[in-house]
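Below: the structure, in structure tokens.
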Number of protein chains: 2
Amino acid sequence: MVRWEPGAAGRLREAAMELYVERGFEQTTVAEIAQRAGVTARTFFRHFADKREVLFAGSEDLAGALMRAIVEAPAGAGPMAVVAAALDVGGGLLGQDRERSRHRQLIIRANPELQERELIKLARLGDRLAEGLRARGIAPREAVLAAEAGILVLRVAFESWVSGTDQGDLRVIMAETLAALRTVTA
Amino acid sequence: MVRWEPGAAGRLREAAMELYVERGFEQTTVAEIAQRAGVTARTFFRHFADKREVLFAGSEDLAGALMRAIVEAPAGAGPMAVVAAALDVGGGLLGQDRERSRHRQLIIRANPELQERELIKLARLGDRLAEGLRARGIAPREAVLAAEAGILVLRVAFESWVSGTDQGDLRVIMAETLAALRTVTA
DNA sequence: GATGTGATGTCACTTGATGACATGAACCGT
DNA sequence: ACGGTTCATGTCATCAAGTGACATCACATC
């Protein structure tokens, strides 16, 4: 949600997004991205670990916000209540510009390698959430299950929101999805 | 669970497993795998799409078994009952030799690229399960959530079983994990 | 003005992955 | 037995991702 004009990292992000849309992820070469950003390919790899990572720059912000929400949740809240609070915060963060999200998601959906990267980001996020829950004194197994259930809701709700089948506020959709998960598993 | 002596594909699988253990995934070159299997690197890529895929050869068997279980589940069963039936079949299949599973899992855990591949395999499996549930007349959203919940249980239970913290039958652990998920989300 | 620090460029190299073509063995119908 | 087809593999060439080593330039600090 931050604007990026000056640094090479920001220009590389922009260039990559544009090229991935114009000719697709696989058909885009790192050299091309670098050239459009006015730097060398070598410099690209100084800013991003690999060709996929350039699309996942903001993920640390989300993780930080969710972790903060977990820490700040009211004392004594049960696992799923804590997770629900975190999801609400996450929905507020992710649910800002739907067009950009849809854009990005189209790129990712079109390429398995990018899906892999997204999945592992979510898995790592789940690990951190579980750790946050354990830090609140929640038993390991419950922590893992609640965290993973939260990631599941986040994923499904986001997908629904970004696909436009569901027009409302992402936070609302997340709450509905969580309720639906409760109903289905019950 | 099938034995593989003769074909090049089987020899490549064996060679890859050995080398990934001996020196790690990244440190192993496709040329080395091919050499140990008595073929060329080019031939490796004729049998496996990439260097990771060689570790995920059996995944189609699992998917097939789960899908069959979904089709054959008693008529009128609710989403989670169908998923539970599939998980029971899956537990029976996966829970056979724990040593080999532990072995494989150690390799995967040690390398992010392999984790990515495993995650996308599970995601695809989830997609197929959801489709199977929809084919039974279950509403799309419930189908997706039940399928994804099933994958979640499969993943967590398998992890627990293979880590040895839980000694019993994988099918039992799956059932317990499912019950725990119900409790947590309730 | 010297010196150090950080970001970038240049060069060389390894490795994963793919396309094009050749070869050789097994198989099949006559 | 023969000629032809098919399939698996080898060979060669090539591209692109990624990394290490070293040079360079700008800028800040003393």
So A:Gln105 and A:Glu118, side-chain hydrogen bond (donor to acceptor under 3.5 Å, both in side chains) or not? Walk me through it. CA-CA 10 Å; A:Gln105 216 58 16; A:Glu118 183 170 57; 3.3 Å; yes
A:Glu53/A:Lys121 ion pair, N-O < 4.0 Å: yes
Any carboxylate oxygen within less than 4.0 angstrom of a Lys/Arg side-chain nitrogen, looking at B:Glu26 and B:Lys51? no
Linking I/L/V/M/F/W/Y whenever any side-chain heavy atoms sit under 4.5 Å apart, do A:Met67 and A:Ile138 land together? yes
Quick check on the hydrophobic clustering: are A:Phe158 and B:Val144 connected, directly or via other members, by side-chain heavy-atom contacts under 4.5 Å? yes
Under 4.5 Å between side-chain heavy atoms, chaining through other members, with only Ile, Leu, Val, Met, Phe, Trp and Tyr counted: pull out the rest of the cluster around A:Val30, sorted by chain and number. A:Leu12, A:Met17, A:Leu19, A:Tyr20, A:Val21, A:Phe25, A:Ile33, A:Val39, A:Phe44, A:Phe45, A:Phe48, A:Val54, A:Leu55, A:Phe56, A:Ile107, A:Ile108, A:Leu114
Report yes if some heavy atom in the side chain of A:Val83 is under 4.5 Å from a heavy atom in the side chain of A:Leu133; otherwise report no. yes
What is the distance, to the nearest angstrom, from the [atom1] atom on [X] to the [atom2] atom on [N]?
X: B:Leu114; N: C:dG16; atom1: CG; atom2: C1'; result: 14 Å
X: A:Asp50; N: C:dA17; atom1: CG; atom2: P; result: 13 Å
X: B:Glu53; N: C:dT18; atom1: CD; atom2: P; result: 12 Å
X: B:Arg46; N: C:dA20; atom1: CZ; atom2: P; result: 13 Å

Compare side-chain N and O positions of A:His47 against OP1 and OP2 of C:dT8 and report whether any pair is under 4.0 Å apart. yes
First and last nucleotide of DNA chain D in contact with chain A, 5' to 3', at under 4.0 Å to a heavy atom: what are they? D:dA16 to D:dA21
Sorted by number, residues from residues 23-45 of chain B placing a heavy atom under 4.0 Å from DNA chain C are B:Thr28, B:Thr29, B:Val30, B:Arg42, B:Phe45
Please name the pair of heavy atoms, one in A:Ala157 and one in A:Thr177, separated by the smallest distance, quoted to 0.1 Å. CB-OG1, 3.5 Å
